[in-house]
Amino acid sequence: MGIGELDREAHVAEGTGAAAPRTLAEALRARGDEGLAALLRARPDLLNPVPNDLTQLATRAGTRGSVVRALERLDRFALQTAEALAVAPDPAPYPVLLALLTGDEGDPAIEAALPGAVALLREQALVWGEDDRLRLVRTARELLSPSPQHPSPTGLGPTVAEATSGMSPGRVQEIIGAAGLPATHDPVSAVAALTGLFTDRARMGALLDGAPPEALAVLDRLVWGPPYGEVTANPAPPVRWLRDRGLLLPVSARTMVLPREVALHLRGGRAHRAPEPVAPEVAVLREHRPQVVDGAAAGQAYTALATVEELLKSWDKGGPQVLRAGGLSVRDLRRTAAALDVTEQVAAFWLELCHGAGLLASDGEADERYAPTPAYDDWLDLPPAERWARLVTPWLASTRTSGLVGGQDAKGRALSALGPDLDRAAAPEVRHRVLGLLATLPPGAAADPETVFARLRWERPLRGAAAGPATESTGPGPSLPDDLRSRLARWALAEAELLGLTGRGALSAPARALLNLPLAEAASPADEGGGVEESVAAERAATLLAPLLPEAVDHVLLQADLTAVAPGPLRRPLADALAVLADVESKGGATVYRFTPGSVRRALDSGLTASDLHDFLTAHSRTPVPQPLAYLVDDVARRHGHLRVGAASAYVRCDDDTVLGEILADRRSAALGLRRLAPTVLAAQADPAALLDGLRAMGYAPAAESAEGDVLVTRADAYRTPARTAPVPVPDGPPAPDATLLHAAVKAIRAGDRAATAVRREPSAPTPAGSLPRTSSAETLATVQAAAMTGSAVWIGYVNADGAASQRVIAPVRVEGGFVTGYDHTADEMRTYPLHRITGVAELADDQV
């Protein structure tokens, strides 16, 4: 139900002359089913478990945890309205509330926005009662009312009655006398007279006209808060003048407070210094053609794919070790950042992105390390646009916050990449909201980030302060707003640009499709979640991105300086083969590969022959194979396998004994523990792998051989973790209920309320309020049999097999075999109950059910 519908429902109830509700439960009872559904939709925590009746629902809606959660989700003006009610009389008529927000001068914007704010507070059961008796629920009033321990955002202090509650009657009489009021017979009337003076604009103005200028200056410093001030044992004359007349009242021996009524007079009746009835607009920073934005975003999306692939390929044989406390060490993060040529903060983002997408995890071994998961291989087989969608979709829903890496938690412990304590439940909502605000601008328009942050702070003014520890450090880097929500928004803008969801600061067409937003025109916040399934939205986004990505090529350009230039992204088989045969020298629009003796030997070690390499280069080069490259391949191949290494611990075998003599004479071979066993055989104390590495470091090209003397192909299989699922986001409270659950919950609450409020005939032994009826087994059987014969309904107490007790209204139709079958008005269906589980039964009044 919308705000306008709630207003109409309230006016209809008023027009029918219905009695004003005396409690929140009665106010909820007067609502229609749509009104209850709106409450449960706005506050889903009230549904767990489903309340038995409306009284229980009202009680749960007034608990501290639920009220705090509801207040955190109010926008700034709705919260200001609740704060104004907290300093208003209880109950407060609507005109009094309006005056607190508009002041003496009035404000058309506030007058227009206030009915909607009140309706929103009513919908969420934070306010109840008709317009002539608006009541803030008690818990919300306690949370928002001013107190020395918890100052109100209004800056107001206690009322005169609250500030003088512990004052002696004689002192109260002295104050009203100094203020020019006649003496009274009791403190209550004296306080009422002083309050009447302070709330009378004419008399209050006359009193202040006679105040010394220095005293008025003291009031000016306190009027907008905080209302408390320190004084000495012998206050200055201006302070004494204010104290004697009650314009400042003592809180303690050294502290004075400005009463609420005095502050409101000085403020012109306004509770807030700057009410904000209208949400700040998101301003346009610059405008581009939509095609330019989509092109820039697509280029960044391709870079994102290349970065993820480069990162995981570098960990193909196993990545860094996992810290004992979880996460990646600072040293390994720095190495990763250097390998990717990015900052440590950006490297942490790519790591968390891979982890959140299920492409990277720890292997779970005793010597635990990070490595790609089997899902990474499946991801590599997808088209580029689908790979991009598989990255950004989990990013939108992830609660992992890489921006916290490098900082400290509330206990002063360092926050590491891939480690614990990086989840922030508000992150997904902030990401969706930031992108949704960008979507409100015309296509191609980039938003001013500061206006985005201001809008988010207006929409959730309490959320930033409540969502994270106040002592949490953001680590090195530029200064950020203090509240977590603003920091999440800033990180969301930067990460969206890195992923290609935005281009030059503007939302791209694929991002609009991913968010279920209209593509041809700007979307309003109400358009979010347009009913398209997430998988369908991701498919639409990939379809829009695919033509914008550079097309993969199947050739390179070989050059005489032993390099190969890839004029675009290479197709998968060619890229994998070239990565073995050559080393990447530079990246960019065109990737440059360099052929070295080590890279060629790596290809030969993988099982290829010299002729295989020549054929590969000829087939995939648009230019002739340069002679230096052909010579390099032949020269390395001629020497490859000339030496043979096997297990003794290890041995070296070579038909040319002079080569073995050179190795023994080389001082670099001392660490290998070599000795000659025969003219063509050397034995080593090192293991075969270490012997291979040592000889290669000396400039030789040995090949490993098996026990049978055959050459071993040393192609290493990629290391993968066991199958891992992507991390599950930390929920931000209970999930929003769907329409089916809401309908069933409202139906159950209504039925339970009818049973709880049904008027029962007085039994011979009165039943205490809230307890189950108690009758003997014979009385229970006789009563339900009589009800079955007459077709009447009865009230029963029932205890199920789990021991849970409940009250039910049933109309018995059959009683046999120790069971009673009847229509259960509470559950709205036919049910059968064992008679031995019925604690008691009572007849209903004649006009019930």
Side-chain angles (χ1 to χ4, degrees), residues 25-26 28-34 36-37 40 46-60 737-849:
E26 289 186 5
L28 295 178
R29 198 166 284 122
R31 288 191 184 190
D33 288 351
E34 285 298 321
L36 288 180
L40 298 175
L46 302 179
L47 271 174
N48 189 21
V50 176
N52 292 332
D53 51 43
L54 289 170
T55 301
Q56 190 177 93
L57 175 63
T59 302
R60 193 177 297 173
D738 56 23
T740 303
L741 176 58
L742 284 176
H743 176 74
V746 170
K747 184 178 178 181
I749 293 171
R750 288 286 191 202
D753 197 60
R754 284 195 297 270
T757 58
V759 180
R760 295 172 282 275
R761 293 179 182 175
E762 283 296 327
S764 56
T767 303
S771 63
L772 300 179
R774 297 287 178 179
T775 57
S776 65
S777 301
E779 290 175 322
T780 299
L781 179 60
T783 304
V784 296
Q785 285 177 335
M789 294 176 62
T790 59
S792 58
V794 293
W795 171 53
I796 67 170
Y798 179 72
V799 179
N800 65 14
D802 296 327
S806 61
Q807 304 177 45
R808 299 183 175 275
V809 175
I810 66 171
V813 295
R814 185 173 65 253
V815 182
E816 61 182 12
F819 293 88
V820 55
T821 301
Y823 181 77
D824 188 333
H825 290 274
T826 308
D828 199 17
E829 63 182 8
M830 293 294 294
R831 285 192 175 180
T832 299
Y833 295 102
L835 284 171
H836 70 276
R837 293 196 177 276
I838 297 178
T839 64
V841 61
E843 297 180 355
L844 298 178
D846 293 336
D847 58 346
Q848 295 294 311
V849 188

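The model shown is predicted, which means the values in this text are computed figures rather than measured ones. Atoms considered below: every heavy atom in the structure, side chains included; atoms not considered: hydrogens, waters and symmetry mates.
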Under the rule for side-chain hydrogen bond (donor to acceptor under 3.5 Å, both in side chains), what residues qualify as partners of Thr780, not counting sequence neighbours? Thr775

Below 4.5 Å, heavy atoms only, C-beta onward: do Val794 and Pro812 meet side chain to side chain? yes

According to salt bridge (Lys or Arg N to Asp or Glu O under 4.0 Å), who are the partners of Arg814, at least two apart in sequence or on a separate chain? Glu816

Could you list the residues that satisfy side-chain contact (heavy atoms from CB on, under 4.5 Å) with Leu741, not counting sequence neighbours? Leu47, Pro737, Asp738

Going from CD1 on Ile810 to CD1 on Ile796, what distance comes out if it is rounded to the nearest 0.5 angstrom? 4.0 Å

Smallest heavy-atom separation, Thr839 atom then Tyr798 atom, equals OG1-N, 4.4 Å

What pairs with Arg60 under side-chain hydrogen bond (donor to acceptor under 3.5 Å, both in side chains), at least two apart in sequence or on another chain? Gln56

How would you list, by chain and number, every residue that makes a side-chain contact (heavy atoms from CB on, under 4.5 Å) with Gln785, sequence neighbours excluded? Leu781, Val815

What residues, two or more places apart in sequence or in another chain, satisfy ring pair (Phe, Tyr, Trp, His ring centres under 6.0 Å) together with Phe819? none

Under the salt bridge (Lys or Arg N to Asp or Glu O under 4.0 Å) rule, what pairs show up with a residue in residues 780-791, not counting sequence neighbours? none

Sort and list the pairs that fulfil salt bridge (Lys or Arg N to Asp or Glu O under 4.0 Å) and have at least one residue in residues 782-810, not counting sequence neighbours. Arg808-Asp824

For Val813 versus Ala788, what's the shortest heavy-atom pair and its separation? C-CB, 4.2 Å

Qualifying residues under side-chain hydrogen bond (donor to acceptor under 3.5 Å, both in side chains), relative to Arg831, sequence neighbours excluded: Glu829

For Arg750, what residues pass the salt bridge (Lys or Arg N to Asp or Glu O under 4.0 Å) criterion, not counting sequence neighbours? Asp33

Is any side-chain heavy atom of Arg837 less than 4.5 Å from a side-chain heavy atom of Asn800? no

Would you indicate whether the side-chain heavy atoms of Ile749 and Val746 approach each other to under 4.5 Å? no

Could you work out, with side-chain contact (heavy atoms from CB on, under 4.5 Å) as the rule, every residue matching Thr790, not counting sequence neighbours? Ser792

Any residue meeting side-chain hydrogen bond (donor to acceptor under 3.5 Å, both in side chains) with Thr832, in chain and number order, not counting sequence neighbours: Thr821

Give, for atom OG1 of Thr55 and atom CD of Glu26, the distance between the pair rounded to the nearest 0.5 Å. 9.0 Å

Roughly how far apart are Asp53 CG and Arg29 CZ, rounded to 0.5 Å? 7.5 Å

